[in-house]
Protein chains: 2
Amino acid sequence: MTEPHWDPFNRDCPTRRLLDRIGDRWTVLVIGALAEGPLRFGELARRVDGVSQKMLTQTLRGLERDGLVDRTLYPQVPPRVEYELTHAGRTLREPLGALDAWARTHMSGVIAAREEYDRAV
Amino acid sequence: MTEPHWDPFNRDCPTRRLLDRIGDRWTVLVIGALAEGPLRFGELARRVDGVSQKMLTQTLRGLERDGLVDRTLYPQVPPRVEYELTHAGRTLREPLGALDAWARTHMSGVIAAREEYDRAV
DNA sequence: CGGAATCCATAACGATACTG
DNA sequence: CAGTATCGTTATGGATTCCG
């Protein structure tokens, strides 16, 4: 049986492009916060603990640009802006959920290994 | 039906810790290169196109520290060093493979959306 | 309320040179 | 071969201020 493998070998493979896209501190977290449904800007800011206004805006713009998030402006005063995952964005929930499941079951072991390693050094 | 969701809401959740771990330019690519079996340092460097010696070393040290990669030194001259995924490291192949599958099917659409968005601006 | 614009600190990374 | 050490650059993100 051949093990599954993905192709990280050349600079322009889809995997690298995806990593360039979601490999920052906030993108995955914002998608996670939007996984259950639309949220306003301020709600998002409160849910994703620690994100600054600037980074939240920047992250959302990037996701919008890539067709993963829809932005809806309700022209009121004060303005109301809602963000929600597009269809494409929703398809990301599954693989990201798998990654999260891995984190929940294995991450404590990783932390333990790390502390063990640091003691040895 | 409640949608599956993962918890990105507080700073210390496992998901954030995982993202801190694999959310750099090279870690996921190195795991991918090791997915099929052990490799020597030089082989890894050639496969992960564009990685510098420094970053490859640094990435491998981090993975070793976290118990995801084993390092075996064969005391010869010149030295031979082999890296391979640990059991924990191998369990990461599946969720990362799912992410890669997503990239292969959706990434071209993402790129297209991006170019469309940039034309509009 | 939901940003945009600016400034600044640091972390991430790459290139190069050297070594057991 | 498989690193380590150092340096310089760029990317990233945080804090602050201002605005419709």
Side-chain angles (χ1 to χ4, degrees), chain A residues 8 10-12 16-31 33-34 38-66 69-84 117 121, chain B residues 8 10-12 16-31 33-34 38-66 69-84 117-118 120-121:
Chain A
N10 65 87
R11 290 167 189 265
D12 289 329
R16 290 219 188 180
R17 291 187 180 277
L18 177 62
L19 290 172
D20 287 343
R21 187 62 201 78
I22 68 173
D24 55 46
R25 173 121 64 254
W26 302 112
T27 294
V28 169
L29 301 175
V30 168
I31 294 174
L34 289 173
L39 286 177
R40 301 181 58 169
F41 185 87
E43 293 169 328
L44 264 173
R46 275 186 297 279
R47 292 203 181 213
V48 183
D49 186 28
V51 71
S52 67
Q53 219 169 34
K54 170 187 167 182
M55 290 314 298
L56 183 54
T57 300
Q58 186 174 305
T59 302
L60 287 166
R61 288 292 168 277
L63 287 168
E64 195 192 350
R65 182 166 96 110
D66 287 353
V69 160
D70 264 340
R71 176 181 189 271
T72 308
L73 165 67
Y74 299 90
Q76 314 168 349
V77 178
R80 169 191 181 86
V81 181
E82 275 198 357
Y83 293 92
E84 63 183 320
Y117 182 97
V121 177
Chain B
N10 64 86
R11 289 166 190 266
D12 288 329
R16 290 219 186 180
R17 291 187 180 277
L18 177 62
L19 290 172
D20 287 343
R21 189 61 201 76
I22 68 173
D24 56 48
R25 175 123 61 255
W26 301 113
T27 294
V28 170
L29 300 175
V30 168
I31 295 174
L34 290 173
L39 286 176
R40 300 181 58 169
F41 184 88
E43 293 169 329
L44 264 173
R46 276 186 297 278
R47 292 202 182 212
V48 182
D49 188 26
V51 70
S52 67
Q53 216 171 36
K54 170 187 166 183
M55 290 315 297
L56 184 53
T57 299
Q58 187 173 305
T59 302
L60 286 167
R61 288 293 168 276
L63 286 168
E64 195 193 350
R65 181 166 98 111
D66 287 354
V69 160
D70 264 340
R71 176 181 188 270
T72 308
L73 165 67
Y74 299 90
Q76 313 168 351
V77 178
R80 168 192 182 87
V81 180
E82 276 199 354
Y83 293 92
E84 64 182 320
Y117 183 96
D118 290 344
V121 177

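Naming convention: chains lettered A, B, ... in sequence-line order (proteins, then strands); numbering from 1 in each chain.
For the segment residues 54-62 of chain B, residues with any heavy atom less than 4.0 angstrom from an atom of DNA chain D are, sorted by number, K54(B), T57(B), R61(B).
A close approach under 4.0 Å does occur between a side-chain nitrogen or oxygen of Y83(A) and OP1 or OP2 of dG3(C). Side-chain nitrogen and oxygen atoms of R46(B) include none within less than 4.0 Å of the OP1 or OP2 phosphate oxygen of dA2(D). Contact annotation: R71(B) side-chain N/O to dG3(D) OP1/OP2 distance is under 4.0 Å.
Per the geometry, CG belonging to L73(A) stands 16 Å off P belonging to dG20(D), to the nearest Å. Atom CZ in R25(B) sits roughly 13 Å away from atom C1' in dT9(D) (whole-Å rounding). The separation between D24(A) atom CG and dA12(C) atom P is 13 Å, rounded to whole Å. One atom, CD of E64(A), and another, P of dG2(C), lie 15 Å apart when rounded to the nearest Å. With rounding to whole Å, D20(A) atom CG is found 14 Å from dT12(D) atom C1'. Atoms CG (L19(B)) and P (dG13(D)) sit 12 Å apart, rounded to a whole Å. The distance from atom CD of Q76(B) to atom P of dA2(D) is 10 Å, rounded to the nearest whole Å.
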| Residues R21(A), L63(A); criterion side-chain contact (heavy atoms from CB on, under 4.5 Å); working and verdict | CA-CA 9 Å; R21(A) 187 62 201 78; L63(A) 287 168; 3.8 Å; yes
| field | Worked check of side-chain contact (heavy atoms from CB on, under 4.5 Å) between F41(A) and L60(A) | value | CA-CA 9 Å; F41(A) 185 87; L60(A) 287 166; 3.9 Å; yes
| Candidate pair R71(B) and V81(B), rule side-chain contact (heavy atoms from CB on, under 4.5 Å), full reasoning | CA-CA 7 Å; R71(B) 176 181 188 270; V81(B) 180; 3.8 Å; yes
| query | Stepwise, does the side-chain contact (heavy atoms from CB on, under 4.5 Å) test hold for V69(A) with V30(A)? | reply | CA-CA 10 Å; V69(A) 160; V30(A) 168; 5.6 Å; no
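Residue Q53(A) has its side chain nearest to dT17(D) when only dT17(D), dG13(D), dA17(C) are considered. Checking dG14(D), dC1(C), dG3(C) against the side-chain heavy atoms of R40(A) singles out dC1(C) as nearest. Of the candidates dG14(C), dG3(D), dG2(C), dG14(C) carries the atom nearest the S52(B) side chain, counting heavy atoms from C-beta on. Set against dG14(C), dG3(C), dA2(D), the side chain of P79(B) has dA2(D) as its closest nucleotide.
When all heavy atoms of D24(B) and W26(B) are compared, the closest pair comes out as OD1-N, 3.0 Å. The two residues L29(B) and R16(A) make their nearest non-hydrogen contact at CD1-NE, 3.4 Å. Closest heavy-atom contact between P79(B) and R40(B): O-NH2, 3.7 Å.
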